[in-house]
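One structure is given here, and the rest of the page talks about it.
Proteins come first, then strands; the chains are lettered A, B, ... in the order of their sequence lines, and each starts at number 1.
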2 protein chains.
Amino acid sequence: MPHDEERQRRSRATGRLTLADVAREAGVSPITASRALRGTRGVDPALVLRVQEAAARLHYVPDPAARALASARSAHVAVLIPLLSNALFVDLLDAVQRTLMPAGYVTLIGVTHYDAAEEEALLRNYLAHRPSGLLVTGLDRTPDAAALIAASGVPCVHLMETSASAGQYSVGLSQQAAGRAITEHLLAASRRRIAFVGAQLDPRVLQRLEGYREALRAAGAHDPGLELLEPAPSSLALGARLLERLLARRPDVEAVFFCNDDLAQGGLLAALRLGVAVPGRLAVAGFNDLAGSDQMLPPLTTVRTPRAEIGRAAATMLLRLMRGEAVEPASLDLGYELVVRGST
Amino acid sequence: MPHDEERQRRSRATGRLTLADVAREAGVSPITASRALRGTRGVDPALVLRVQEAAARLHYVPDPAARALASARSAHVAVLIPLLSNALFVDLLDAVQRTLMPAGYVTLIGVTHYDAAEEEALLRNYLAHRPSGLLVTGLDRTPDAAALIAASGVPCVHLMETSASAGQYSVGLSQQAAGRAITEHLLAASRRRIAFVGAQLDPRVLQRLEGYREALRAAGAHDPGLELLEPAPSSLALGARLLERLLARRPDVEAVFFCNDDLAQGGLLAALRLGVAVPGRLAVAGFNDLAGSDQMLPPLTTVRTPRAEIGRAAATMLLRLMRGEAVEPASLDLGYELVVRGST
DNA sequence: CTGAAAGCGCTTACAG
DNA sequence: CTGAAAGCGCTTACAG
């Protein structure tokens, strides 16, 4: 057939199997095949079956680029988190992916390293891929970053915090309430001189600090000299160093609330090394309940945050928003749980 | 203009800024605008400038779906790793993303959880997005998974191991040589009854075990009764339990090579709890040099693996393959480094 | 060095 | 419930 030869000569055909092949195989038009495969209702069930069988027989796989171009909606969800080296975010991501993938979405993961400029760059980059949805960590960002999100019109759910502002979707917990609770636990163990040791100083750490202050002020035991704030990133080594610094500066300290378990584990190991009895002389608490905290000597008292549940709920909320459904309430507080172990 | 009205009425126009708008603004044809923006050579530099300025002025962002459809090549690279809760893979990923993103690629990250079926499902899912490149962990996979990769024709680089087989691209290190080296270090510290404690039992752990056996056989000190193999996933808690089991079974053991630092840290903490002197009565070594290993009591002797370098080199190699360039050699061995600390 | 035409593989909007 | 036409926003292949 000369027509086919001509086509072949000038063609840019990729040789790939297309919807047209499936339609031909099933004896229907491409549009019907498209509808049958997407599960659009209002197609004769017999035809749906025929098309599905034809697609399976030919091992047909739809082209996401063509689909995205024609429908103006991609299968991408962009997820921005500060760090992957924190088990918290790993658990969060795992839950997000397990929820989104069965729904046909693929995640674009961006790591901001707690850097506002990097977050902005990632946002610009990922938004250029026209994702159908957006998951970001926390509520605070640069005005430019916030404007980028708003201007994109892409549905967005904020992770790890709870939001009061209208039109802001979020799933998380009250970091401040959790910080208050663990401090109250320390007070209940008859400690008065309770220190706060924080690093990284991202918004959630500062909210925990606020909770700590609340609890101590209520007990009339707040002492700013017991707050040790370090902007460097958290690590076991930093936790150890900060405990030593605290002990040197305030030998009278009776308890420490480390803003996360990495720091607390390092502090616990330093106490062991220095021969500081825990909890005898010093009670120690952490935050997040990370791997290994239950193996410390003594096991670490901490706050368990429901990150898997947060990931699942946030992804589910986003799925609804992407379908254009109304979501109520816009903000979900999934709480926290005190895990009391030997260190307090 | 009635024509425009007609267009508007029937139109599916997204209202987005297109290449045609940029071309009009710059006073050139869309093809020229396309070429100018993509940096195709053979375009008048003056025109390139004019188009770039027009694009910037209008804040034009190309549509990746249209680009992918027209050019038959996506901007995606799929990356498959076993776990995100292992710092090793986090460092690897970070390096991969930092290399790939500036080149205009976006990564699709898939976590297999060391599950062959899950890897296959992820592969199928991500391959459907027609990525331009593929990065997978290790060389061993199910025949179906390997066939999927081969049939896709997508350039693929294997991570963490070195490959002997032709046509297999890989960047990593000899896990076996590293396992042998750390065992020889233990032998050099005049230990004879050296145990191997392994979990997860993925191919790389088994290669380390092979290196351990090699070293012990060469020294005439191999004793199968000192091998403790546990298929469960690694964790500090498991390391502690396995050390206790080992000590109960073989009180005469003089040294332990844990197949990774998670296990070794747990073992070290258990030894501390049990009052087993390290390295006095028992020498302990790990693998990977993870965060916290230098903070243990005593600090953990381990093997540092160059995962950031591996990530960077593998991504660079993939970039070449995606450009259709020849890559020589196909397999890169980036080595390892013994980190001797207090535990041996 | 530049451009008019055609096409990538889907889905939308309309008509029947 | 089904389909012919048009279009999504780019790039390829060809011609000049």
> Which residues satisfy the salt bridge (Lys or Arg N to Asp or Glu O under 4.0 Å) test with A:Arg124, sequence neighbours excluded?
Replying inline: A:Glu120
> Listed by chain and number, what are the salt bridge (Lys or Arg N to Asp or Glu O under 4.0 Å) partners of B:Asp44, not counting sequence neighbours?
Replying inline: none
> Can you check whether B:Thr32 has a side-chain N or O nearer than 4.0 Å to OP1 or OP2 of C:dT2?
Replying inline: no
> What residues in residues 43-63 of chain A put a non-hydrogen atom under 4.0 Å from any atom of DNA chain D?
Replying inline: A:Val43, A:Asp44, A:Leu47
>> With hydrogens left out and only the distance checked, is there a donor-acceptor pair under 3.5 Å joining A:Arg35's side chain and the base of D:dG3?
In response: yes
Can you give the donor-acceptor pairs under 3.5 Å from side chains of residues 26-34 of chain B to other protein atoms, not counting sequence neighbours?
from    : atom 1 : to      : atom 2 : distance (Å)
B:Ser29 : OG     : B:Thr32 : N      : 3.3
B:Ser29 : OG     : B:Thr32 : OG1    : 3.2
B:Ser34 : OG     : B:Arg38 : NE     : 3.2
B:Ser34 : OG     : B:Arg38 : NH2    : 2.9

>> As a test of your reading of the structure, name each stem of DNA chain D as range with range, where a stem is three or more consecutive Watson-Crick or G-U pairs at under 3.5 Å.
In response: C:1-3 with D:14-16, C:5-12 with D:5-12, C:14-16 with D:1-3
> Taking only residues two or more places apart in sequence, or in another chain, which ones meet A:Glu325 in a salt bridge (Lys or Arg N to Asp or Glu O under 4.0 Å)?
Replying inline: A:Arg323
> For residues 47-56 of chain A, which residue pairs qualify under side chain to side chain donor-acceptor pair (under 3.5 Å), counting only residues two or more places apart or in two chains?
Replying inline: none
>> List the residues meeting ring pair (Phe, Tyr, Trp, His ring centres under 6.0 Å) with B:His76, not counting sequence neighbours, and say none if there are none.
In response: A:His76
> Rounding to a whole Å, what distance do you find between B:Leu69:CG and C:dA6:C1'?
Replying inline: 13 Å
>> Starting the side chain at C-beta, find the nucleotide from C:dC10, D:dT12, C:dG7 nearest to B:Ser71.
In response: D:dT12
> Within the side chain of A:Thr137, is there an N or O that forms a donor-acceptor pair under 3.5 Å with the backbone of A:Leu80?
Replying inline: yes
> Any idea which heavy atoms bring B:Thr112 and B:Pro82 closest together, and the distance?
Replying inline: OG1-CA, 3.2 Å
>> Strictly by salt bridge (Lys or Arg N to Asp or Glu O under 4.0 Å), give each pair with a member in residues 62-74 of chain A just once, sequence neighbours left out.
In response: A:Arg16-A:Asp63, A:Asp63-B:Arg130
>> Side chain of A:Thr18 only, heavy atoms from C-beta on: which candidate in C:dG9, D:dC10, D:dT11 is closest?
In response: C:dG9
> Quick one: which of D:dC10, C:dA4, D:dG7 gets closest to the side chain of B:Ile31?
Replying inline: C:dA4
> Tell me, which of residues 22-29 of chain A have any heavy atom that sits under 4.0 Å from an atom in DNA chain C?
Replying inline: none
> How would you list all residue pairs meeting salt bridge (Lys or Arg N to Asp or Glu O under 4.0 Å) that involve residues 90-109 of chain A, not counting sequence neighbours?
Replying inline: A:Asp91-A:Arg307, A:Asp94-A:Arg98, A:Arg98-B:Glu118
> What pairs of residues pass the ring pair (Phe, Tyr, Trp, His ring centres under 6.0 Å) test when at least one of them lies in residues 89-126 of chain A, not counting sequence neighbours?
Replying inline: none
